[in-house]
Amino acid sequence: MNPILVVGATGNVGGHVLSQLLAADKPVRALVRNPQAHFPPQVEVVRGDLTVPESLDPCLEGIDTVFLVWTAPPATVAPAIERFAQYARHIVFLSAPLKTPHPFFQQPNPARTLGLEIERQIEASGLQWTFLRPGMFAGDGLRWWAPQIRSGDTVRWPYLSAPTAPVDERDIAAVAVRALTENGHHRAEYVLTGPQSLTQGEQIGIIGQTLGRTLRIEEMSPDEARREMSAFMDFGMAPAVAIANVINMLLGAWAAALGQPALVTSTIAEVTGAPPRTFRNWAADYAAHFRA
Ligand SMILES: NC(=O)c1ccc[n+]([C@@H]2O[C@H](COP(=O)([O-])OP(=O)(O)OC[C@H]3O[C@@H](n4cnc5c(N)ncnc54)[C@H](OP(=O)(O)O)[C@@H]3O)[C@@H](O)[C@H]2O)c1
């Protein structure tokens with residue numbers, strides 16, 4: 001069997017895709033920008049960058065199947081997808097529920113425009129494709145709330161009564177692995193959610209219960225969030241405009257989500273045969289990240 005190429009192997013979902021493929025004894029190649037990235041010895045590591053399309057050729061040599069996460073700027077989408085189509089047969093793209101008619105997923109923003117454009121180009125490329133459409137990741141809580149919970153008992157956050165159905169990244173990866181290793185997933189669009197609609201306030205409460213702590217949860221206004229949220233999130237070296245876009249995207253989605261339950265699907269169980277992990281289960285598994 002030819003190796004499966006994982007783009008985004010150092011990231012939240014790609015990391016689980018890589019480790020689950022290894023656990024299933026599948027050969028794996030990781031496309032990385034930084035060759036110092038640490039992987040188990042059986043992973044073939046090849047340097048590549050989505051923004052430098054010619055760098056993808058050595059990564060794609062002898063590849064049939066690609067797992068793609070795209071967090072890079074949009075300029076090189078077309079030449080990169082051309083290359084994927086030149087070498088590979090099937091691509092599994094980590095997208096979002098861009099076509100689901102729930103208001104949470106229908107707010108205009110640059111990430112949505114980019115996702116739709118990548119999908120359009122993949123569909124036109126001749127590749128077989130599978131689109132993974134997860135809702136909010138459970139792991140977002142690590143970036144948003146863990147720094148506050150590690151440093152005190154107060155969590156300030158906007159739209160505490162906005163519900164989402166947080167999905168565990170390990171479950172997204174399990175669906176990806178099925179799509180990468182089995183036949184029958186061409187043209188599938190898998191809308192993936194956790195098993196339960198929970199408000200953001202309830203999610204923070206569950207983390208507190210898991211830790212055995214009483215957290216004071218305070219509502220932040222959208223304007224305060226625009227000024228303060230970047231401090232609670234890891235944006236790396238992202239430019240200010242990109243940070244503002246992400247914050248506005250989240251605020252718009254949470255505002256639109258108020259007043260109705262989050263969308264919950266049964267797709268993870270249908271594809272993998274196992275029920276999706278609950279948020280309480282996720283919080284227990286990641287409790288150490290919330291402890292000082
Ligand atoms: N967070 C959510 O709640 C949510 C919900 C639905 C959908 N999504 C979608 O999920 C995706 C993000 O997934 P994630 O959280 O797993 O991503 P992530 O943890 O941010 O990881 C991004 C990965 O892409 C790699 N990468 C970035 N730029 C690259 C480039 N120019 N060339 C090659 N590799 C590059 C990074 O590698 P380096 O190590 O080199 O940086 C890293 O491995 C986004 O498309 C987002 O829209 C997220």
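Just so you know, ligand 1 is whichever comes first in the structure, and atom 1 is the first atom listed for that ligand.
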### Query
If you count the atoms of ligand 1 from 1 in the order shown, which ones are under 4.0 Å from a heavy atom of M136?
3 (O)

### Task
Tell me which protein heavy atom sits closest to atom 10 (O) of ligand 1, plus the residue, atom name and distance to 0.1 Å.
L94 CD2, 3.4 Å

### Query
What atoms of ligand 1 come closer than 4.0 angstrom to any heavy atom of A72?
31 (N)

### Message
Counting non-hydrogen protein atoms only, what is the nearest one to atom 41 (O) of ligand 1? Give residue, atom name and distance.
### Response
R33 NH2, 2.8 Å

### Task
Check each atom of ligand 1 against the heavy atoms of W70 and keep those under 4.0 Å away; list them by number with element.
45 (O)

### Query
What do you reckon, is CG of N183 surrounded by more than 12 foreign heavy atoms closer than 6.0 Å?
no

### Query
Does the N or O separation between A96 and ligand 1 drop below 3.5 Å for any pair?
no

### Query
What protein heavy atom sits nearest atom 6 (C) of ligand 1, and how far off is it?
P134 O, 3.2 Å

### Query
Protein heavy-atom contact under 4.0 Å for atom 45 (O) of ligand 1?
yes

### Query
Less than 4.0 Å between a side-chain N and a carboxylate O, is that true for E117 and R120?
yes

### Query
Is any side-chain heavy atom of F67 less than 4.5 Å from a side-chain heavy atom of L94?
yes

### Task
Find all atoms of ligand 1 within a distance of less than 4.0 Å from any non-hydrogen atom belonging to T10, and give their numbers and elements.
36 (C), 37 (O), 38 (P), 39 (O), 42 (C), 43 (O)

### Query
For ligand 1, which atoms, with element, lie under 4.0 Å from some heavy atom of V13?
16 (O)

### Query
Among all protein non-hydrogen atoms, which one is nearest to atom 7 (C) of ligand 1, and what is the separation to 0.1 Å?
S95 O, 3.3 Å

### Message
Which of the numbered atoms in ligand 1 are under 4.0 angstrom from any heavy atom belonging to L31?
### Response
33 (C)

### Task
Please check if the side chain of H102 supplies one atom and the backbone of P261 the other of a donor-acceptor pair under 3.5 Å.
yes

### Message
Would you say L5 ends up clustered with L21 if hydrophobic residues are merged whenever their side chains have heavy atoms under 4.5 Å apart, either directly or through other cluster members?
### Response
no

